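Predicted model, so just to flag it, every value in this text is computed and none were measured.
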Amino acid sequence: MPQHIAHAQLAPIQISVINESTVLTDTEVIPVVAALQKQVTNDFRPAWGVDAELTIVAKTSQPPTGSWWLVILDDSDQAGALGYHDLTSDGMPIGKVFAASDLKAGTSWTVTASHELMEMLADPNINLTVFVQNTNTTGTLYAYEVCDACEDDSVGYPIDNVMMSDFVYPAWFEDFRTPGSTQFDRTNQIQNPLQLLPNGYIGVFSVTAGTGWQQHTAQKTLTDTRNRGTVGTRRERRSTPRTQWVQSLPHRKISTNAQQYQQRLQSIPRKAA
């Protein structure tokens with residue numbers, strides 16, 4: 001089936017990939033960034049009209065002014081300790097990948113990186129929604145998240161032997177579409193608009209119930225996103241008023257914090273002994 005073209009393509013967005021994780025070396029990250037670049041340019045851009053150029057920032061270098069950041073971290077605690085918050089120090093979008101958390105959970109950090117990158121490109125300000133009107137007085141807002149519906153590792157796909165996240169096409173948000181009438185996701189496993197694959201979910205906001213953002217899961221249950229979103233994630237930020245978002249520290253300060261963080265980690269075994 002032909003891909004659904006979203007809109008005219010824009011100039012590539014500059015994205016700095018920053019590896020602050022203690023569980024991944026830059027050597028392990030480099031081929032993943034190459035695969036992410038191919039996914040953005042070859043798969044995501046034709047469907048969504050958005051392109052990006054990814055550049056790995058060396059440990060001793062500074063990310064270019066005005067670039068968006070994709071930061072690889074251990075977990076949300078490390079993000080706070082180093083000073084990575086809701087926006088870059090320039091006030092630009094930021095995506096966070098918690099590699100150690102994925103390794104502990106037995107999930108793929110590369111799929112998470114792909115997920116975060118695609119969603120940052122589709123909705124960088126984490127404020128876009130699609131309104132589905134149920135009756136003349138009721139309706140539901142759907143979060144404009146392009147990977148949540150099909151985020152499970154089992155439905156991802158490989159690029160150069162690196163697993164990437166599946167992602168939905170614009171048609172997924174168009175409830176007038178009939179089953180099987182067009183392509184709804186990259187791997188063509190979704191057959192209906194707004195369909196959730198196993199372990200998939202989507203943030204929903206009833207405009208009449210007044211219950212705030214909730215998670216609609218593939219199991220047809222609703223969960224309050226404030227109890228589900230890890231600090232620093234897109235789900236957590238979507239439910240946080242924009243006036244409460246915090247800019248990250250300048251990268252030079254973060255580099256100092258990272259060195260101190262590493263020293264504290266190295267001292268823990270000696271103390272335990």
query: Is there a donor-acceptor contact under 3.5 Å from the side chain of Gln37 to the main chain of Leu54?
result: yes
message: Set out, in order, the CA-CA distance, both residues' side-chain angles and the distance that settles side chain to side chain donor-acceptor pair (under 3.5 Å) for Ser101 and Asp75, then state yes or no.
response: CA-CA 6 Å; Ser101 297; Asp75 49 37; 5.0 Å; no
Kindly list each side-chain donor-acceptor pair under 3.5 angstrom involving residues 156-164, sequence neighbours excluded, with atom names and distances?
residue: Tyr157; atom: OH; partner: Gln39; partner atom: NE2; Å: 3.1
residue: Tyr157; atom: OH; partner: Asp43; partner atom: OD2; Å: 2.7
residue: Asp160; atom: OD2; partner: Lys38; partner atom: NZ; Å: 2.6

With a 4.5 Å heavy-atom cut-off, do [X] and [Y] have their side chains touching?
{"X": "Leu121", "Y": "Trp68", "value": "yes"}
{"X": "Ile126", "Y": "Glu119", "value": "no"}
{"X": "Glu116", "Y": "Leu70", "value": "yes"}
{"X": "Pro63", "Y": "Trp69", "value": "yes"}
{"X": "Leu197", "Y": "Ile190", "value": "yes"}
{"X": "Glu151", "Y": "Val111", "value": "no"}
{"X": "Trp172", "Y": "Asp185", "value": "no"}
{"X": "Arg252", "Y": "Ser255", "value": "no"}

message: Holding to ring pair (Phe, Tyr, Trp, His ring centres under 6.0 Å), I want the full list of residues that pass it with Tyr142, two or more places apart in sequence or in another chain.
response: none
With sequence neighbours excluded, residues passing ring pair (Phe, Tyr, Trp, His ring centres under 6.0 Å) with Phe205: Trp213
task: Using the salt bridge (Lys or Arg N to Asp or Glu O under 4.0 Å) rule, collect all pairs that involve residues 129-145, keeping only residues at least two apart or in two chains.
output: Glu145-Arg234, Glu145-Arg238
- prompt: Applying ring-ring contact (aromatic ring centres under 6.0 Å, His included), which residue pairs with at least one partner in residues 92-132 are found, sequence neighbours left out?
  reply: none
Interatomic distance, [X] atom [atom1] to [Y] atom [atom2] [nearest 0.5 angstrom]:
{"X": "Cys147", "Y": "Arg186", "atom1": "SG", "atom2": "CZ", "result": "12.5 Å"}
{"X": "Asp123", "Y": "Thr129", "atom1": "CG", "atom2": "OG1", "result": "9.0 Å"}
{"X": "Asn134", "Y": "Ser206", "atom1": "CG", "atom2": "OG", "result": "8.0 Å"}

query: Does the pair Asp51 and Thr41 meet the rule for a side chain to side chain donor-acceptor pair (under 3.5 Å), with working shown?
result: CA-CA 6 Å; Asp51 198 4; Thr41 300; 3.2 Å; yes
- prompt: Which pair of heavy atoms, one from Ser165 and one from Cys150, lies closest together, and at what distance?
  reply: OG-O, 4.3 Å
Phe167 and Tyr169 aromatic ring geometry - parallel, tilted or perpendicular at 30°/60° bounds: tilted
Please tabulate, one pair per line, all N/O donor-acceptor pairs under 3.5 Å involving side-chain atoms of residues 78-90, not counting sequence neighbours.
residue: Gln78; atom: OE1; partner: Asp74; partner atom: N; Å: 2.5
residue: Gln78; atom: NE2; partner: Glu20; partner atom: O; Å: 2.9
residue: Tyr84; atom: OH; partner: Glu20; partner atom: OE2; Å: 3.1
residue: Asp86; atom: OD2; partner: Val246; partner atom: N; Å: 2.7
residue: Thr88; atom: OG1; partner: Asp90; partner atom: N; Å: 3.2
residue: Thr88; atom: OG1; partner: Gly91; partner atom: N; Å: 3.4
residue: Thr88; atom: OG1; partner: Met92; partner atom: N; Å: 2.9
residue: Asp90; atom: OD2; partner: Gly66; partner atom: N; Å: 2.9

